Amino acid sequence: MGNEDYEVPENANEHCPGPQSESAGQSDACAGCPNQEACATAPKGPDPDLVSIIERMATVKHKILVLSGKGGVGKSTFSAQLSFALAAMDFQVGLLDIDICGPSIPKMLGLEGQEIHQSNLGWSPVYVESNLGVMSIGFMLPNPDDAVIWRGPRKNGIIKQFLKDVYWGELDFLIVDAPPGTSDEHISIVQFLQATGIDGAIIVTTPQQVSLIDVRKEVSFCKKVGLQVLGVVENMSGLYQPLSDFKFMSITESGEQKDMTEWVLQNLKEKAPEMLNLVAFSEVFDSSGGGGAKMCKDMGVPFLGKVPLDPQLCKAAEEGRSCFDDSKCLVSAPALKAIVDKVLSQLEVSRIEDGA
């Protein structure tokens, strides 16, 4: 896919040859176009920075984008836990956060307040462990509450800088956490990485149609730009929680609430203690439309599995730690592990193969 496929301006004439074309600004089709002078004087040919990006990425074996059509579906949580899981398997892992306006990866990796350092080799990632490095614009903000108010070209510039200036060293996996949607950041990262070889994208959704509508657009985007969809993950697929962790309330006709938790648990303990070992399930989002599995079947892409809405996983993300480190994430950790194993199987990667 050439540069012209990406960069034809929206206000260009009907038969625009593309800003990178040798005839840009000079052909008959350019007459009267508001961009004619800019195109005629702009440098032509391949982006010289692509050479630097290709050289940087030459030491990265596998590159995976994590995408979502809708915000708030848990994409960054999935990216963080995918990185934790791969690092726990002794792979060398890098996590690149290109969500310029909402960089949540530093929080989810327990790296808030850290700063980027430079060496003669380039920008150094911030490390969680010796085999898990992270890069995010969140490390560059003087104040974590500062808003990043940038237009497309400046966003694209920092993404390009991350790819060509960060020294990752030898990596088995580079996980790229992208913002929701199909905008400038997505076009840029695909354009820059396709020249270096990219394995594909994992798309995160929630079960309800309001999310799946946008995820279908994300799948279409991947197909249009020639990016393989490694699979779709249905996140927040029902609330799973040990019964003993619930709070129980009574609600009066006027809406007043009274905490009955102690009374309920005491009764269960006395009369049905075996129930305290049960895990309760509730369908939070409507999945009557078939959820992510049906959408994948309709669109011909792999379905990687479901991850439940687990309060313990949410807590792990808030505390910036792996959900695999203890037994608290009873239902979410095994679900995530099964998805990671499917991805590795698709990529034909094993721990033995990579010397782990």
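Residues: numbered from 1 along the sequence shown. Just so it is clear, the structure is predicted and the values come from calculations on it, not from any experiment. Values below: every heavy atom of this structure, side chains too, minus hydrogens, waters and symmetry copies.
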Please check: side-chain N/O of H186 versus main-chain N/O of P179, any donor-acceptor pairing under 3.5 Å? yes
Going only through I, L, V, M, F, W and Y residues with side-chain contacts under 4.5 Å, is there a path from L121 to V134? no
Please round to the nearest 0.5 Å and tell me the distance separating atom OG of S68 and atom CD1 of I202. 12.5 Å
How about L67 and V204: do any of their side-chain heavy atoms sit closer than 4.5 Å? no
Side-chain donor/acceptor of K63 to backbone N/O of G197, under 3.5 Å: yes
Heavy-atom nearest pair, I116 first then S124, reads CG2-O, 3.9 Å
Donor-acceptor pairs under 3.5 Å, side chain of residues 259-269 to any protein atom, not counting sequence neighbours: which ones?
from: D259; atom 1: OD1; to: T261; atom 2: N; distance (Å): 2.8
from: D259; atom 1: OD1; to: T261; atom 2: OG1; distance (Å): 2.6
from: T261; atom 1: OG1; to: F248; atom 2: N; distance (Å): 2.9
from: Q266; atom 1: NE2; to: E270; atom 2: OE2; distance (Å): 2.8
from: N267; atom 1: OD1; to: K271; atom 2: NZ; distance (Å): 3.3
from: N267; atom 1: ND2; to: W263; atom 2: O; distance (Å): 2.8

State the CD1-CD distance between I339 and Q81, to the nearest 0.5 angstrom. 12.0 Å
Examine L347 and V229 and state if one hydrophobic cluster contains both, with Ile, Leu, Val, Met, Phe, Trp and Tyr joined whenever side-chain heavy atoms are less than 4.5 Å apart. yes
Any Lys/Arg nitrogen of D325 or R321 sitting under 4.0 Å from an Asp/Glu carboxylate oxygen of the other? no
Could you tell me the separation between the CG atom of L230 and the NE2 atom of H62, rounded to the nearest 0.5 Å? 11.0 Å
Got L227 and I198 here, is their nearest side-chain heavy-atom distance under 4.5 Å? yes
Measure from the side-chain N and O atoms of D286 to the backbone N and O of Q208, and report whether any donor-acceptor pair falls under 3.5 Å. no
For Q241 and P311, which heavy atoms make the closest approach, and how far apart are they? OE1-CG, 3.5 Å
Run the numbers on S237 and E234 for side-chain hydrogen bond (donor to acceptor under 3.5 Å, both in side chains), then give the verdict. CA-CA 6 Å; S237 185; E234 184 179 289; 2.7 Å; yes
same_hphob_cluster(L82, L309) at 4.5 Å side-chain heavy-atom cutoff: no
Between Q194 (side chain only) and V225 (backbone N and O only), is there a donor and an acceptor less than 3.5 Å apart? yes
Report yes if the side chains of M236 and V307 come closer than 4.5 Å at any heavy-atom pair, otherwise no. no
Pairs under 3.5 angstrom only: tabulate donor-acceptor contacts from the side chains of residues 272-285 to other protein residues two or more places apart or in another chain.
from: E283; atom 1: OE2; to: S287; atom 2: OG; distance (Å): 2.5

Inter-residue atom distance S136.OG - D99.CG, 0.5 Å rounding: 8.5 Å
Minimal heavy-atom distance between C329 and P334, with the atoms involved, is O-CD, 3.7 Å
Taking NZ in K223 as the centre, count heavy atoms belonging to other residues, nucleotides or ligands within less than 6.0 Å. Is the count above 12? yes
Of the non-hydrogen atoms in Q92 and S130, which two are nearest, and what is the gap between them? OE1-O, 3.9 Å
I'd like to know whether L96 forms a side chain to side chain contact (heavy atoms under 4.5 Å, CB included) with W168, so could you lay out the CA-CA distance, the side-chain angles of the two residues, the decisive distance to 0.1 Å, and finally the verdict. CA-CA 10 Å; L96 175 59; W168 296 101; 4.2 Å; yes
Short question: side chain of K342, backbone of L304 - any donor-acceptor pair under 3.5 Å? yes
Are any side-chain N or O atoms of K107 and backbone N or O atoms of E112, one a donor and one an acceptor, separated by less than 3.5 Å? no
Using only atom types and a distance under 3.5 Å, with no angle test, would you say the side chain of R56 pairs donor to acceptor with the backbone of K164? yes
Compile the donor-acceptor pairs under 3.5 Å between side chains in residues 147-155 and protein atoms, sequence neighbours left out, one pair per line.
from: K155; atom 1: NZ; to: E185; atom 2: OE2; distance (Å): 3.3

Atom CG of residue position D245 - does it have more than 12 heavy atoms of other residues, nucleotides or ligands inside 6.0 Å? yes
For the backbone of L141 and the side chain of D146, can you confirm whether one donor and one acceptor N or O come within less than 3.5 Å of each other? no
Please check if the side chain of S83 supplies one atom and the backbone of L95 the other of a donor-acceptor pair under 3.5 Å. no
Exactly one of V215, I213, D214 should register a side chain to side chain contact (heavy atoms under 4.5 Å, CB included) with S211. Which one does? V215
Is there a side chain to side chain contact (heavy atoms under 4.5 Å, CB included) between Q257 and M249 once you walk through the steps? CA-CA 6 Å; Q257 298 181 4; M249 315 293 291; 3.7 Å; yes
Side-chain contact, heavy-atom cut-off 4.5 Å: V128 with F84? yes
Within the structure provided, determine whether V219 and C296 are in side-chain contact (heavy-atom separation under 4.5 Å). no
Between Q161 and I158, does the side chain to side chain contact (heavy atoms under 4.5 Å, CB included) criterion hold? Intermediate values first, please. CA-CA 5 Å; Q161 197 164 4; I158 191 66; 4.0 Å; yes
For salt bridge (charged side-chain N to carboxylate O under 4.0 Å, His left out), just list the numbers for K294 and D298, CA-CA rounded to whole Å, side-chain angles, deciding distance to a tenth of an Å, and then say yes or no. CA-CA 6 Å; K294 184 178 185 302; D298 293 343; 3.0 Å; yes
Would a 4.5 Å heavy-atom cut-off, applied to side chains only, mark V93 and D172 as touching? no
Short side-chain to backbone donor-acceptor contact, S345 and D341, under 3.5 Å: no
L65 and M299: same hydrophobic cluster, using ILVMFWY side-chain contacts below 4.5 Å? yes
When rounded to the nearest 0.5 angstrom, what is the spacing between CE in M135 and CD1 in I105? 13.0 Å
Flag the pair F139 / E115 as yes when at least one side-chain heavy-atom distance between them is below 4.5 Å, and no otherwise. no
Between C222 and I203 the two heavy atoms that sit nearest each other are SG-CD1, 4.2 Å
Does F192 form a side chain to side chain contact (heavy atoms under 4.5 Å, CB included) with I53? I'd like the steps, not just the answer. CA-CA 7 Å; F192 297 146; I53 292 172; 4.0 Å; yes
Distance-only side-chain donor-acceptor flag, D177 / S76, under 3.5 Å: yes
What are the two closest heavy atoms between G289 and Q209, and how far apart are they? CA-NE2, 3.7 Å
Applying a strict under-4.5 Å side-chain criterion to I, L, V, M, F, W and Y, I'd like to know whether I64 and V176 cluster together. yes
Working to the nearest 0.5 Å, report the span between CG of L86 and CD1 of I175. 5.5 Å
Taking the side chain as every heavy atom from C-beta outward, state whether F324 and L336 have any atom pair closer than 4.5 Å. yes
